[in-house]
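Note: hydrogens, waters and symmetry copies are ignored here, and every other heavy atom, side chains too, is used. Position 1 is the first residue of the sequence, and the numbers go up from there.
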Amino acid sequence: MGDVFLEYFRSALPEELASVLGDTLKAVESGDFLTVLQKPEVQILLGHQHDDSTRSAHLKDFPSWSDYISHRLGLILSNGSGDTSVPIEETPAYRQNLFFLAAVAALYAFLQSSVTGPPLPFTSAEVLLPEDVASSTTALSKLKADLVASLSTDGVAAYTLTPNVELLCLAETILVSPPIQKYVEHSFWARLRVNFIHQRLLSEPTPSLQKAIYDDLATVERMILSRSRENEAKDLHVHFLLERAAIHTHHGFDKKARADLDQATSERAFEFALTGMMGKRTKFQQKDTSQLLVLARSAGSDTTAAPGETASKPKALDLNDDTLHESISFTKSAPTEIQNESSLPTSLASLDPENQPKLDPLDSVILLELASSITNTNPADGITREETIPYATRVLEGGSSNWQVYTQALLVRSRIEGYKSRTMERGLLQLQALVDQVIADTSGQATTDAETGVQVTSFLPKAQEGESAPVNERLRYVFSLCSPSRWELEAELASRWVSLGGLRTALEIYERLQMWAEAALCYAATDKEDKAKRIIRRQLFHATNGDDQAADIDEEKWEGAERDPPPGEAPRLYCILGDIDQDIAMYKKAWEVSGKRYGRAQRSMGQRHFSRKEYAEAAEAYELSLKINSLNHPAWFALGCAYLELLRFKDAVEAFSRCVQLDDQDAEAWSNLAAALLHLRPKISSNEDGEVSEAQVTNHPRTDALKAFKRAAALKHDNYRIWSNVLAVAGSTKPPSWPDVVNAQRRICEIRGETDGELCIDDELLELLVRHVVQTDGGFDISKPGLPRLVNELVEKHIKPLITVSPALWTTLSTLYMHSNRPSSALECHEKAWRAVTSQPNWESRTEKEWDGVVQQTVDLVDAYETLGPRERTEGLAAGSGELVAKDWKFKARSAVRSVMGKAKEAWEDSAGWEKLKERLDELKNSE
């Protein structure tokens, strides 16, 4: 089949085993899985034949088919001999490796039948299951239902209509066998793949499988890195990195996925760049504009596409729009505009954007996974979609040489085009074509309705022969691509129809797939909650009168007894019912039905309690959910918020710390962590005499809170509330973090200056900052780098332009100018501070406190005139000329005092402030 995993397995086999297993390996590589499953040893395992060790094992004696296979496998593998004289085919090592290959063949056959196609050339039930079961429709249906039910994990059910589920169960049963795990080291990689496929069969990721998957990932990585590079298969580590990136993306660990993709790109020496180039997108566009594109070139490839190269691939539908070009028309020899303003490598700069070389399939996989990572990480908006589509376009227009890679590129493009009015039709039709193709390729015929058995016709003609490919090509990159199954594709198509208003078509798809939860959510989203509840309750309860057969499906409310046993999806269905009715009892029922393993039930319960301000109950619910899945970031965040409301600040710190460990880009979590830290007491150490003082603080939470707030501000650079917190905390630490104060105040002025003006300035903290700067050793020297220069830039560029009527701010600025040898500016600030006070309407008829404020500001102005007026100018054109700052400073001082006294004579004559002004005026007269 060309799978690098099988090449890796072959290279590790001893020479004797490699020779006897050669035909079996070739059969697996070429996709001839039936040959492997019909091997005599495998037939004994499946119960179609017997030997002395397995003759007494019968299916009826075991609770499930998987247990039956596991028991027979144990009997066969334990019946071994260490005699070296026996033929190699009778040794335990041969049987262990043969059964391992049988597990791999079963896994690949399952993927062929549900993901990639073409149709299996055999019926898996007839090949794997006992004849009496395979020939009985009732027995076969029951066994398959039991196998699907056995795949339920942590209260999350597998897809009900999973086809050929016995293939997956056979692979899983063999690979978890202790002898296989002990003696076939490659079984960890195969088991990793089985567990990930199992995870994707569930409606949501489960913590148990996630832990098993990541444990196997660590084991496989150690196994690969421990082998000599000379002996390993080509690009083995790259395949592993891409497979791990797909797993990271599925579980939401996009940062880890991106790191793996970057490493794979480096190891492949693959060059690509997301850049811009002048071109036209519409047919009527007269002027070229910058268009986003990806320039990419595989290592060792030519600069242009080789003519005449064709490969089987699905049909890519044309746009056929009356306005848009089929593809962007780029300007010839136009200068390239690089997004990050760096120069392109020569190998990329020489590429023709409309005729780029064909990429190696592995490099195409890297681009497609990058597109998935962008979509998964960023909000679903137009900018994200514009950034994503060039990756898919590059793979499509380059003409990928692999069928499955090209199919995935078509899927990525159709997902993006579904949001644009001009490309919406092509996106929907392309998705429909892919669905029809996958249905036909995996089942060999059009699918049938689950209830009526009526065949569902294809929307587009069946794929032609040239649009198909052999199984070895389809399966080669399926694990790296994380290609969706046929029911996942159909569900995506239904979701697309819902977004376009095609509710009836979407419901037909959901009901045919027996996705009752999705059908109910579809009704609930269109304000038809009664129908949604009827669909859910029908799966959970019997008819009101107990007669399900005679019930009218459209009118029956299904309020009878609970179904026993409940369906596999009962926990999820109860939660949806609780969401619709806002009934906590439904969440409790979901928790009980799942055996207290369904974490979503407790999360929903916690959310409901939180909305009712029942914070203690909410915290308890979130704690229970996190015992099931300790990696759920939203649950940790909600638990931290509940702890804050309960004033349990230490617990809140722990909860938000877990949040930022899981996602260090969550600004709200960093901000809340800081808020919780502010309420903790510092750790204090005592001295040798046992005395405790504030000086012995070893780790002050306020310092940690400042770090957390700064991290939140870095992530949300435009959130002025977070910057206000940074400013307040930076100013309250001991000693204050003055550089952070400067930075925070500057950013607040940039964000809120236009709307709030001087109100966005913390005048008290600014005064403390200026006092600190002017009192530092070495003086206030703004000519050298350091805090004085930062403060001066803050004042001149951001604070001074915003001040209007705040005397405190003008006074603070005057202090700054005084100590930086700028007397003219200092006196000007004093004058503006005085005008700000005296320009207030009716100040003379207000309270005595305000009158005393006017008096003090007038006295300060007179003192400033007296101190600064006689000094020489040091600023502007008059600097150094000997000209005084204010040669008529005495006149101005007397005029200021007289104007205040004249307005206030009637109201404040003979008051203490009046006497103070009178005394100051007499001093000015006597000084002449």
Step-by-step ring-ring contact (aromatic ring centres under 6.0 Å, His included) determination, His239 to Tyr8 = CA-CA 11 Å; His239 277 270; Tyr8 179 40; over 10 Å; no
Has the side chain of Thr162 got a donor or acceptor atom that lies under 3.5 Å from a matching backbone atom of Ala158?
-> no
Ionic contact status for Glu417 with Arg426, cut-off 4.0 Å | yes
Verify whether the ring centers belonging to Tyr108 and Phe110 lie closer than 6.0 Å.
-> no
So, for Leu107 and Ala190, which heavy atoms are closest and what is the spacing to 0.1 Å?
-> CD2-O, 4.4 Å
Distance from Thr275 atom OG1 to Gln291 atom CD, nearest 0.5 Å?
-> 12.0 Å
Student check: side-chain heavy atoms of Phe479 and Leu242 closer than 4.5 Å = no
Electrostatic pair Asp663:Lys255 at N-O distance under 4.0 angstrom | no
Could you walk me through whether Glu473 and Asn402 pass the side-chain contact (heavy atoms from CB on, under 4.5 Å) test, one step at a time?
-> CA-CA 7 Å; Glu473 181 181 340; Asn402 182 269; 3.3 Å; yes
Do you know which two heavy atoms are closest between Ser485 and Glu488, and how far apart they sit?
-> N-OE1, 2.8 Å
Kindly determine whether Tyr159 and Leu202 satisfy side-chain contact (heavy atoms from CB on, under 4.5 Å), including the steps that lead there.
-> CA-CA 6 Å; Tyr159 175 55; Leu202 307 178; over 6 Å; no
Measure the shortest side-chain to side-chain distance between Leu293 and Thr393 over non-hydrogen atoms and say whether it is less than 4.5 angstrom.
-> no
Establish, from distance only, whether the side-chain atoms of Asp254 and His248 form a donor-acceptor pair under 3.5 Å.
-> no
Counterpart residues, ring-ring contact (aromatic ring centres under 6.0 Å, His included), relative to Phe100 (two or more places apart) = Phe9
Please indicate whether Asp664 has more than 12 foreign heavy atoms, meaning atoms of other residues, nucleotides or ligands, lying under 6.0 Å from its CG.
-> yes
Could you tell me whether Arg193 and Asp3 have a side-chain N and a carboxylate O separated by less than 4.0 Å?
-> yes
Would you sort out whether Thr153 and His198 count as a side-chain contact (heavy atoms from CB on, under 4.5 Å), showing the intermediate values?
-> CA-CA 9 Å; Thr153 309; His198 184 179; 3.6 Å; yes
Under the 3.5 angstrom rule, does the side chain of Ser266 hit a backbone N or O of Asp262 as a donor-acceptor pair?
-> no
Can you list the steps and then say if Tyr510 with Ser495 is a side-chain contact (heavy atoms from CB on, under 4.5 Å)?
-> CA-CA 9 Å; Tyr510 284 138; Ser495 176; 4.0 Å; yes
What distance separates Ser372 OG from Leu370 CG, expressed to the nearest 0.5 Å?
-> 9.0 Å
Looking just at side-chain N and O atoms, do Glu271 and Ser347 make a donor-acceptor pair shorter than 3.5 Å?
-> yes
Val4 vs Phe240 side-chain heavy atoms within contact, under 4.5 Å = no
Just how far is it from atom CG of Leu428 to atom CG of Leu493, taken to the nearest 0.5 Å?
-> 6.5 Å
Please confirm whether the backbone N or O of Ser483 pairs with a side-chain atom of Gln408, one donor and one acceptor, at under 3.5 Å?
-> no
Within the side chain of Asp363, is there an N or O that forms a donor-acceptor pair under 3.5 Å with the backbone of Arg297?
-> no
Crowded around Gln263 CD? As in, over 12 foreign heavy atoms under 6.0 Å?
-> yes
Just by distance, do the side chain of Asn164 and the backbone of Leu167 share a donor-acceptor pair under 3.5 Å?
-> no
For the atom pair CD1 (Ile439) and CG (Leu489), what is the distance rounded to the nearest 0.5 Å?
-> 8.5 Å
Does the side chain to side chain donor-acceptor pair (under 3.5 Å) test come out yes or no for Gln432 and Asp436, once each step is laid out?
-> CA-CA 6 Å; Gln432 179 71 65; Asp436 292 342; 3.0 Å; yes
Lys/Arg-Asp/Glu bridge criterion (N-O < 4.0 Å) met for Lys26, Asp32 = no
Under 3.5 Å donor-acceptor, Gln210 side chain and Pro205 backbone | no
Has the side chain of Glu369 got a donor or acceptor atom that lies under 3.5 Å from a matching backbone atom of Ile366?
-> no
Are the side chains of Trp189 and Ile224 in touch, meaning some heavy atoms are under 4.5 Å apart?
-> yes
Hey, are Gln199 and His250 close enough side-chain-wise for a donor-acceptor pair under 3.5 Å?
-> no
Report yes if some heavy atom in the side chain of Thr219 is under 4.5 Å from a heavy atom in the side chain of Glu185; otherwise report no.
-> no
Would Lys256 and Asp260 pass as an ion pair if we require N to O under 4.0 Å?
-> no
Output yes when a side-chain donor or acceptor of Thr265 lies under 3.5 Å from a complementary backbone atom of Leu261, and no otherwise.
-> yes
Nearest atoms (heavy-atom pairs only) where Leu368 meets Ala392 = CD2-CA, 4.2 Å
Within-4.5 Å side-chain heavy-atom neighbours: Asn472 and Ser30 = no
Any Leu396 side-chain heavy atom under 4.5 Å of Tyr406 side chain = yes
Is the shortest heavy-atom distance from the side chain of Leu175 to the side chain of Phe188 under 4.5 Å?
-> no
Considering non-hydrogen atoms only, spot the tightest contact between His251 and Ile247 and give its length.
-> ND1-O, 2.9 Å
From Thr24 atom OG1 to Asn97 atom CG, the distance as rounded to the nearest 0.5 Å | 10.5 Å
To the nearest 0.5 angstrom, please state how far the CZ atom of Arg222 sits from the CG atom of Leu217.
-> 11.0 Å
Compare every heavy atom of Val156 with every heavy atom of Ser203, then report the nearest pair and how far apart it is.
-> OG-CG1, 3.3 Å
Any donor-acceptor N/O pair, Ser480 side chain to Val478 backbone, under 3.5 Å | no
Carboxylate-amine/guanidinium contact Asp215 Lys211, below 4.0 Å | yes
For Gly117 and Arg474, work out which heavy atoms get closest and say how close.
-> O-CD, 3.0 Å
For the pair Gln112 (side chain) and Pro118 (backbone), establish whether a donor and an acceptor sit closer than 3.5 Å, ignoring hydrogens and angles.
-> yes
